[in-house]
Amino acid sequence: MTDTKVYFLDGGSLVLDGFHIFWNRGPGGEVRFPSYSVLIDHPEGRFMIDTGYDYDHVMKVLPFEKPIQSKDQTMPGALKLIGLEPKDIDVVFNSHFHFDHCGGNKYFPDARKICHRLEVPQACNPAPFEHLGYSDLSFSVEAAEARGVTDQLLPNATRANTTFEGVEGDFELAKGVHMIYAPGHAVGNYAVMIELANRRPMMLVLDAAYTRRSLETLCQASFHIDPVKGIESMHKIRKYAEDHDAELFFSHDMESFETYQTGTRFYS
Ligand SMILES: [Zn+2]
C-alpha cells in the first residue's frame, strides 16, 4: 500500500531454555531472544500488532526468563523514539495473549481492540499448562477478574475500555494488511502479511514459529495448545509466503532480529 510504513518496536529480550524454543529437539541451554511489537502506520489508521512484555510482571511472575528492557524498550519509550505517544494509536490487535504479546496493552485505553474471539475466554480459563503464558491479565478487566488478579489492572482500566472485538478466520485488518489465522501455539493465534509499495510483502510469522529454523524444520515451541494444528499453521504460512513472494520475519529469533530495521527506521 502506498504510504504504509511498518515500524518494529524493540521491546527488549528474555531467556528460555533451548528445549522450550525447539520442543523436544533443543539443544538445551539458555537462549536469549527478542520481544517486539509492530506498528503499521496505514492510511486507514495506526495499527499496533502486539504490545510486548511488562518488565515488572516478568520479574514478579517469571523472573527466570531474565528480562532485559531499557526505557526505550518499554511501549511508551519505543513510541517516543518515533515521535508518537500511546494516544496516537487507533487500533491494537493482539496475535494472542501470552504475556510477552500483551504487556503494553494497558497503555492504550482509548484504542479499538481486536483479537480472535476465543483468546479472551482462553486467558480467562487457560489449560493447566498455559497458566504462565497467560499470566499478565492487565489487558482485560474480564480476564483479570476471572483469574483473581485485579491488582494487575491500572486504575483507568474498565470493562468498556478493555473489551475486544472478536474475529475469526483469515481477514483484512486494513487494505493490504492480511490477518492469517494460525492456531496451535495459542487457540486464537494469528500471523500477519503486509503489502507495501516499495518492497516485497512482509510476513510476520509471530509465534506460529519462533525462529527461522523453527519454520524450516517445522519445530514449534513447547508452549502450545494443539501441536498438530501448529504444524498445519506452519505449512499454511509457508505456502502463503511462497504464493505472495513475502519476506519472512520471526518473533523470537535474535539472529534474524539483529538484521531488522528498528527505532526510527521503517519498512515502506
Ligand atoms: Zn506466545
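Index from 1, following the sequence. As the structure lists them, so they are numbered: ligands from 1, and atoms in each ligand from 1.
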Exercise for the section: Can you run down the side chain to side chain donor-acceptor pair (under 3.5 Å) pairs that involve residues 219-230, sequence neighbours left out, and say none if there aren't any? Expected result: His20-Ser222
Handout entry: Pair Arg112 + Glu165: basic N to acidic O under 4.0 Å
Key = yes
Handout entry: Lys/Arg N to Asp/Glu carboxylate O, Asp90 vs Arg46, below 4.0 Å
Key = no
Practice task
Could you list who else is in Leu154's hydrophobic cluster, with ILVMFWY side chains joined at under 4.5 Å, directly or through other members?
Solution key: none
Problem - Cut-off under 2.8 Å, centre the Zn ion (ligand 1), protein N/O/S atoms - result: His96 NE2, His98 ND1, His185 NE2, Asp207 OD2
For residues 125-135, dump all side-chain donor-acceptor pairs below 3.5 Å to protein atoms at least two apart in sequence or in another chain.
from   : atom 1 : to     : atom 2 : distance (Å)
Glu130 : OE1    : Gln122 : NE2    : 2.8
Glu130 : OE1    : Ala127 : N      : 3.0
Tyr134 : OH     : Glu119 : OE1    : 3.0
Tyr134 : OH     : Glu119 : OE2    : 3.2
Ser135 : OG     : His57  : NE2    : 2.9
Ser135 : OG     : Leu132 : O      : 2.7

Practice task
Spell out, as yes or no, whether a donor-acceptor pair under 3.5 Å connects the side chain of Lys106 to the backbone of Gln152.
Solution key: no
